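Just so we're clear, the structure is a prediction, and the values are computed from it rather than from any experiment. Convention: sequence-line order gives letters A, B, ...; per-chain numbering from 1.
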Protein chains: 2
Amino acid sequence: MEITTKVEPTCEQELAAIRDSLEILGGKWKLRIMRHLRNQIDENNTFKKIQREVTGISAKMLSKELQDLEINLLITRSVRNTRPVTVSYAITDYGLSVFPITESLVDWGLNHRQKIK
Amino acid sequence: MEITTKVEPTCEQELAAIRDSLEILGGKWKLRIMRHLRNQIDENNTFKKIQREVTGISAKMLSKELQDLEINLLITRSVRNTRPVTVSYAITDYGLSVFPITESLVDWGLNHRQKIK
DNA sequence: ACCATTGGTTAACAAAAGGTAACCGGTTAC
DNA sequence: GTAACCGGTTACCTTTTGTTAACCAATGGT
């Protein structure tokens with residue numbers, strides 16, 4: 001039997017962790033894209049389809065954000081043998097782990113709007 | 001007896017709520033300030049003291065961030081009759097509601113660092 | 001030949017966020 | 001008088017973030 005000492009993160013490590021999270025999930029588009037992919041899970045999420053449905057996003061931003069999300073293992077990118085070639089994106093199992101955070105942001109934001117008004 | 005229908009927020013309302021949350025809690029300094037104020041709850045958190053201890057922040061940013069946090073009812077600002085005059089800041093009860101979010105950001109960020117490396 | 005669709009890339013620009021340094025009034029210690 | 005401490009504010013600059021519009025190659029339809 002192994003004795004594992006749970007390593008308490010230092011305050012600085014915690015701050016770095018918050019920075020990491022906000023860097024990956026923050027910004028104008030990333031969570032919108034993630035939520036869109038989750039809601040359309042049954043469908044085939046091609047680049048153009050996402051661009052049409054995440055209203056307002058440009059090709060440049062969508063391309064960049066999808067790359068960031070893929071690098072961070074939150075989504076997958078798969079090229080399909082259709083004509084013309086289409087590329088479809090999907091959330092990974094790991095990517096699902098962001099939704100508890102988004103839900104807490106939704107809840108807090110909704111409550112805050114009540115509080116402030 | 002009253003029948004209350006729980007109002008499900010629309011997708012757009014949820015996105016607006018996320019935007020609100022990230023606007024209020026995002027950025028480089030706000031959560032750092034909040035966490036600092038929480039950790040030093042027994043002490044008297046004056047402007048200069050916060051500035052010394054939240055390393056790297058300038059007077060300009062600290063002033064602006066504290067104003068934002070106060071407007072959003074997360075902290076209080078109280079001028080004290082000391083000489084020279086000092087101003088002390090403290091988290092409100094409502095302000096404590098942000099910490100569950102910060103903890104989820106910490107946990108996710110720490111886990112993500114393991115995942116990526 | 002010509003146009004449309006897909007999945008992008010590129011350059012140039014604008015807006016937002018943050019950093020630096022100087023300055024301010026009021027006070028108190030020397 | 002002058003220097004230092006407090007709690008800021010102001011102007012100016014840089015960096016980051018996001019927008020706009022043009023362009024590209026590959027494929028298919030007419």
Side-chain angles (χ1 to χ4, degrees), chain A residues 15-16 18-37 40 43-72 75-90, chain B residues 15-16 18-37 40 43-72 75-91 105:
Chain A
L15 289 169
I18 291 176
R19 267 199 304 279
D20 287 350
S21 295
L22 289 180
E23 193 177 314
I24 292 159
L25 305 177
K28 189 169 175 182
W29 299 109
K30 293 212 180 69
L31 288 180
R32 289 184 67 170
I33 295 167
M34 289 295 284
R35 286 169 64 89
H36 178 74
L37 289 179
Q40 310 295 320
E43 305 195 32
N44 205 21
N45 286 292
T46 66
F47 188 91
K48 276 288 195 273
K49 184 167 181 295
I50 299 169
Q51 196 185 349
R52 277 190 300 266
E53 292 171 4
V54 176
T55 53
I57 197 167
S58 66
K60 177 196 165 188
M61 284 307 292
L62 182 54
S63 172
K64 189 209 149 218
E65 303 291 58
L66 289 171
Q67 283 172 29
D68 290 350
L69 294 172
E70 194 195 355
I71 286 170
N72 284 294
I75 64 172
T76 54
R77 175 185 191 273
S78 41
V79 181
R80 330 189 109 227
N81 282 340
T82 53
R83 278 154 288 130
V85 168
T86 54
V87 178
S88 81
Y89 295 90
Chain B
L15 289 168
I18 291 176
R19 268 200 303 278
D20 287 350
S21 295
L22 289 180
E23 194 177 313
I24 292 159
L25 305 176
K28 188 169 174 180
W29 298 111
K30 293 211 179 71
L31 289 180
R32 290 183 65 170
I33 294 168
M34 289 296 284
R35 286 168 65 88
H36 177 76
L37 289 179
Q40 310 294 320
E43 305 195 32
N44 205 19
N45 286 293
T46 65
F47 188 91
K48 275 289 195 274
K49 183 166 181 295
I50 300 170
Q51 197 185 349
R52 277 189 300 267
E53 292 170 5
V54 176
T55 53
I57 198 168
S58 66
K60 173 197 164 184
M61 285 306 293
L62 182 54
S63 173
K64 189 208 149 218
E65 302 290 58
L66 289 171
Q67 283 171 30
D68 289 350
L69 294 172
E70 195 195 354
I71 286 170
N72 284 294
I75 64 172
T76 54
R77 175 185 190 273
S78 40
V79 181
R80 331 190 108 226
N81 283 342
T82 53
R83 277 153 286 130
V85 167
T86 55
V87 178
S88 81
Y89 295 89
I91 293 188
L105 290 173

* To do: Let me know which of A:Lys30, A:Lys28, A:Arg32 forms a salt bridge (Lys or Arg N to Asp or Glu O under 4.0 Å) with A:Glu65.
  => A:Lys30
* Which part of the nucleic acid, if any, lies within contact of B:Thr46, taking any heavy atom under 4.0 Å across all strands shown: a base, the sugar-phosphate backbone alone, or nothing? -> sugar-phosphate
* Structure fact -> Residue set satisfying side chain to side chain contact (heavy atoms under 4.5 Å, CB included) with B:Glu23, at least two apart, ordered chain then number -> none
* Residue B:Phe47, side-chain atoms from C-beta onward, closest of D:dC12, D:dG7, C:dG8 -> D:dG7
* Asked: Are B:Ser58 and C:dT20 close enough that a side-chain N or O sits under 4.0 Å from OP1 or OP2?
  -> no
* To do: Starting from C1' on D:dG8, measure out to CZ on B:Arg52 and report it in whole angstrom.
  => 15 Å
* To do: Give one of base, sugar-phosphate or nothing for A:Lys28, where a contact means two heavy atoms less than 4.0 Å apart.
  => sugar-phosphate
* Roughly, in whole Å, what's the span from CD1 in B:Ile57 to P in C:dT20? -> 12 Å
* Asked: Hey, what do you get for CG (A:Leu31) to CD1 (A:Ile24), rounding to the nearest 0.5 Å?
  -> 11.0 Å
* **Atom-pair distance (NZ on A:Lys64; P on C:dG8), nearest Å** => 16 Å
* To do: Enter the distance from A:Leu62:CG to A:Lys48:NZ here, rounded to the nearest 0.5 Å.
  => 9.0 Å
* Atom-pair distance (CG on B:Leu62; P on C:dG18), nearest Å -> 13 Å
* Asked: Given C:dT9, D:dT9, D:dC6, which nucleotide is nearest the side-chain atoms of A:Ser63?
  -> C:dT9
* Asked: Taking CZ from B:Arg80 and C1' from C:dT27, how many angstroms apart are they, rounded to a whole number?
  -> 18 Å
* To do: Look at all strands and tell whether B:Arg77 reaches a base, only sugar-phosphate, or nothing, counting heavy atoms closer than 4.0 Å.
  => sugar-phosphate
* To do: Rounded to the nearest angstrom, tell me the gap between atom CG in B:Leu31 and atom C1' in C:dA17.
  => 16 Å
* Scan A:Thr86 against the nucleic acid and name what it touches under 4.0 Å (heavy atoms): base, sugar-phosphate only, or nothing. => sugar-phosphate
* Would you please confirm or rule out a distance under 4.0 Å between OP1 or OP2 of C:dT27 and any side-chain N or O of B:Arg83? => no
* On DNA chain D, check which nucleotide each of A:Glu65 and B:Pro84 is closest to and give me the residue with the more 5' one. => B:Pro84
* Between atom CE in A:Met61 and atom P in C:dG7, what is the gap in whole Å? -> 19 Å
* Asked: Side chains of A:Arg80 and A:Asn44: closer than 4.5 Å at any heavy-atom pair?
  -> yes
* **Sugar-phosphate only, base, or nothing, as touched by B:Glu23 at under 4.0 Å among non-hydrogen atoms** => nothing
* To do: Find the distance A:Arg32:CZ to D:dT17:P and express it as a whole number of Å.
  => 18 Å
* Is the shortest side-chain N/O distance from A:Gln67 to OP1 or OP2 of C:dT9 below 4.0 Å? -> yes
